[in-house]
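Quick one: this structure, given as structure tokens, is what I'll be asking you about.
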Amino acid sequence: VDQKSTAVYLMADLSGELGAFPFKANIGGRYVWTDRESAGYVAGATAGTFVRTSTTAKFKHFLPSANIAVNLREDLVLRFAAAKVIARPPLSQVGAGIVVNQVNFSATAGNPLLKPFEATQMDATIEWYFAQASLLSFAVFNKKIDSFTTQTVTSEIIPGNERFGPFTVSRPTNGEDGKVRGFEFGYQHALKFLPAPFDGLGVQLNYTYADSETPVADALRPGKTLPLTNLSKNSYNLVGYYENDRWSARVAYTFRDQYLSIVQTKNLGGSQYTDDFGQLDASGSYNLSDRFRLTLEATGLNRPVARKYVGTSNRLFETYINDTRIT
């Protein structure tokens, strides 16, 4: 895969007052040209022969953006933002080849015509800095997703492997007209009011609710559609920490509820989902001097079990343990 991109942009910084409230803002735009060529070999008409193939894709995007922060008080900030954004797919997803496994009759393919992830998004945030190194925030957001990537599994006859019959082929595909809306809550409090040495303690909490929808039909539920892949409706983080000039320690629990992993057809049992998942991590460090630091990190202290299922939660597809790692 050979990909080249060229971009030009213009931005203006603004500041002033809206009535009695000072503000800072920026507004601008970026224009991006992307040229991509994906080349490889596919099976020819004669067994054991291969033919070179090449696919070219060109994209043009204008990406406007605007942000403003208004100081309602010295400790209270109101923010608004709107932008059109893109994210290019990884090159591993846009290759022209296909990897065939003749043992379990599965295959993984690229998609040379895969489009960038493209969205128009708006959000508003209120932030209250109620104490030193402490914050309470609430945000609402809405995203209109013009194009997105969905991992899709289908049953296909693969050229050059006809004698094996149909394979289950996994490849990224283009989706469009998706929507995401929701809100976020954030809380951070450095407990500086406690007597030493407990004044280094602090807590952090954030929660996100994201409701998504797409026009992709649910193979098992007539009239229903699927959400975006890899997006949980509910997720949160809980963190406790301690910090001073020498020591730093942190314990964090991260949770996300079930989400759609792969879109599959009805004859494969319906789409694949990943179940609720929570993980406990911890880290610590000690400053030996101004230049040297000793660190210790542990992930997966609770040895979380990752569980995937097809169609309904009682049809287990895969389960594995993310074991503890200490660094």
Practice item. Would you indicate whether D290, at its atom CG, is surrounded by more than 12 heavy atoms from other residues, nucleotides or ligands within a distance under 6.0 Å? Key: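 No.
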
Review point. Do other residues, nucleotides or ligands put more than 12 heavy atoms under 6.0 Å from L10 CG?
Key: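 Open.
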
**Study point:** Basic-acidic side-chain contact under 4.0 Å: R171, E156
**Key:**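 Yes, charged N to carboxylate O under 4.0 Å.
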
Point to revise | Salt-bridge criterion met for R307 and E318 (N-O under 4.0 Å) | key: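 So R307 does not pair with E318 through a salt bridge.
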
Point to revise | Under 3.5 Å: donor-acceptor pair, side chain of R36, backbone of P112 | key: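 The answer is yes, because a donor-acceptor pair under 3.5 Å joins these two groups.
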
Check your understanding: Cluster question for you: counting only ILVMFWY and a side-chain heavy-atom cut-off of under 4.5 Å, with indirect links fine, are L231 and F255 together?
Key ->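 Different hydrophobic clusters.
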
Check your understanding: Is S106 reaching over with its side chain to a backbone N or O of N104, donor-acceptor style, under 3.5 angstrom?
Key ->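 Pair absent, no side-chain N/O of S106 close to backbone of N104.
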
**Study point:** R293, CZ: over 12 other non-hydrogen atoms inside 6.0 angstrom
**Key:**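 No, because the 6.0 Å sphere around CZ of R293 holds 12 heavy atoms or fewer from other groups.
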
Check your understanding: Would you say the side-chain atoms of S170 pair up with the backbone N or O of V153, donor to acceptor, closer than 3.5 Å?
Key ->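 Pair absent, no side-chain N/O of S170 close to backbone of V153.
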
Review point. Any Lys/Arg nitrogen of D323 or R325 sitting under 4.0 Å from an Asp/Glu carboxylate oxygen of the other?
Key: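 No.
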
Point to revise | Electrostatic pair K58:D35 at N-O distance under 4.0 angstrom | key: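 Counted as a salt bridge, because a side-chain N and a carboxylate O are separated by less than 4.0 Å.
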
Review point. Do you see a donor-acceptor pair shorter than 3.5 Å between the side chains of T274 and S261?
Key: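 Judged by distance alone, the side chains do pair up.
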
Review point. Is a side-chain donor-acceptor pair under 3.5 Å present for Q279 with D281?
Key: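 Side chains of D281 and Q279: pair found under 3.5 Å.
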
Exercise for review: Please go through V100's hydrophobic cluster and name the other residues, only I, L, V, M, F, W, Y counting, with side-chain heavy atoms under 4.5 Å joining them.
Suggested key: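 Same cluster as V100: I98, F105, I158, F164, F167, V169.
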
**Study point:** Residue D13 excluded, over 12 heavy atoms near CG under 6.0 Å
**Key:**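 Above 12, so yes.
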
Review point. Hey, are T152 and T173 close enough side-chain-wise for a donor-acceptor pair under 3.5 Å?
Key: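 Their side chains do contain a donor-acceptor pair, which is all the 3.5 Å distance test asks for.
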
Check your understanding: Can a donor-acceptor pair be found between the side chains of R88 and Q93 at a distance below 3.5 Å?
Key ->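 No.
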
Check your understanding: For the ring pair F317 and Y309, is the centre-to-centre distance below 6.0 Å?
Key ->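 No, the ring of F317 stays outside the 6.0 Å limit from the ring of Y309, centre to centre.
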
Practice item. Say whether, by atom type as modelled, one donor and one acceptor occur between the side chain of Q188 and the main chain of A133 under 3.5 angstrom. Key: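 Judged by distance alone, yes, a pair lies under 3.5 Å.
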
**Study point:** Over 12 foreign heavy atoms within 6.0 Å of CZ, F292
**Key:**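 At most 12 heavy atoms, drawn from other residues, nucleotides or ligands, come within 6.0 Å of this atom.
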
Check your understanding: So, do F185 and Y207 have ring centers that fall under 6.0 Å from each other?
Key ->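 Centroid separation for F185 and Y207: 6.0 Å or greater.
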
Check your understanding: Counting only heavy atoms not in E17, do more than 12 sit closer than 6.0 Å to its CD atom?
Key ->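 More than 12 heavy atoms, drawn from other residues, nucleotides or ligands, come within 6.0 Å of this atom.
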
**Study point:** Ion pair R181/E213, N-O distance below 4.0 Å
**Key:**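 A salt bridge is present here (some side-chain N lies under 4.0 Å from a carboxylate O).
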
Check your understanding: Should the heavy atoms of other residues, nucleotides or ligands under 6.0 Å from CZ of F198 be counted, would the total exceed 12?
Key ->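 At most 12 heavy atoms, drawn from other residues, nucleotides or ligands, come within 6.0 Å of this atom.
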
Practice item. May I ask you to check whether S232 and R256 show a side-chain donor-acceptor distance below 3.5 Å? Key: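 Checked: S232/R256 side chains pair up, N/O donor to acceptor below 3.5 Å.
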
**Study point:** Qualifying residue, where the test is ring pair (Phe, Tyr, Trp, His ring centres under 6.0 Å) with H189 and the options are Y129, Y241, F130
**Key:**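 So the option named by the test is F130.
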
Check your understanding: Would you say the side-chain atoms of N71 pair up with the backbone N or O of R73, donor to acceptor, closer than 3.5 Å?
Key ->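 No; judged by distance alone, with no hydrogens or angles, the pair does not exist.
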
Exercise for review: Check whether any side-chain N or O of N174 sits under 3.5 Å from a backbone N or O of L113 as a donor-acceptor pair, and report yes or no.
Suggested key: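 Indeed, once roles are kept as given, a pair shorter than 3.5 Å links the two residues.
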
Exercise for review: Give a yes or no answer on whether the side chain of T225 reaches the backbone of T214 with a donor-acceptor pair at less than 3.5 Å.
Suggested key: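 Judged by distance alone, yes, a pair lies under 3.5 Å.
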
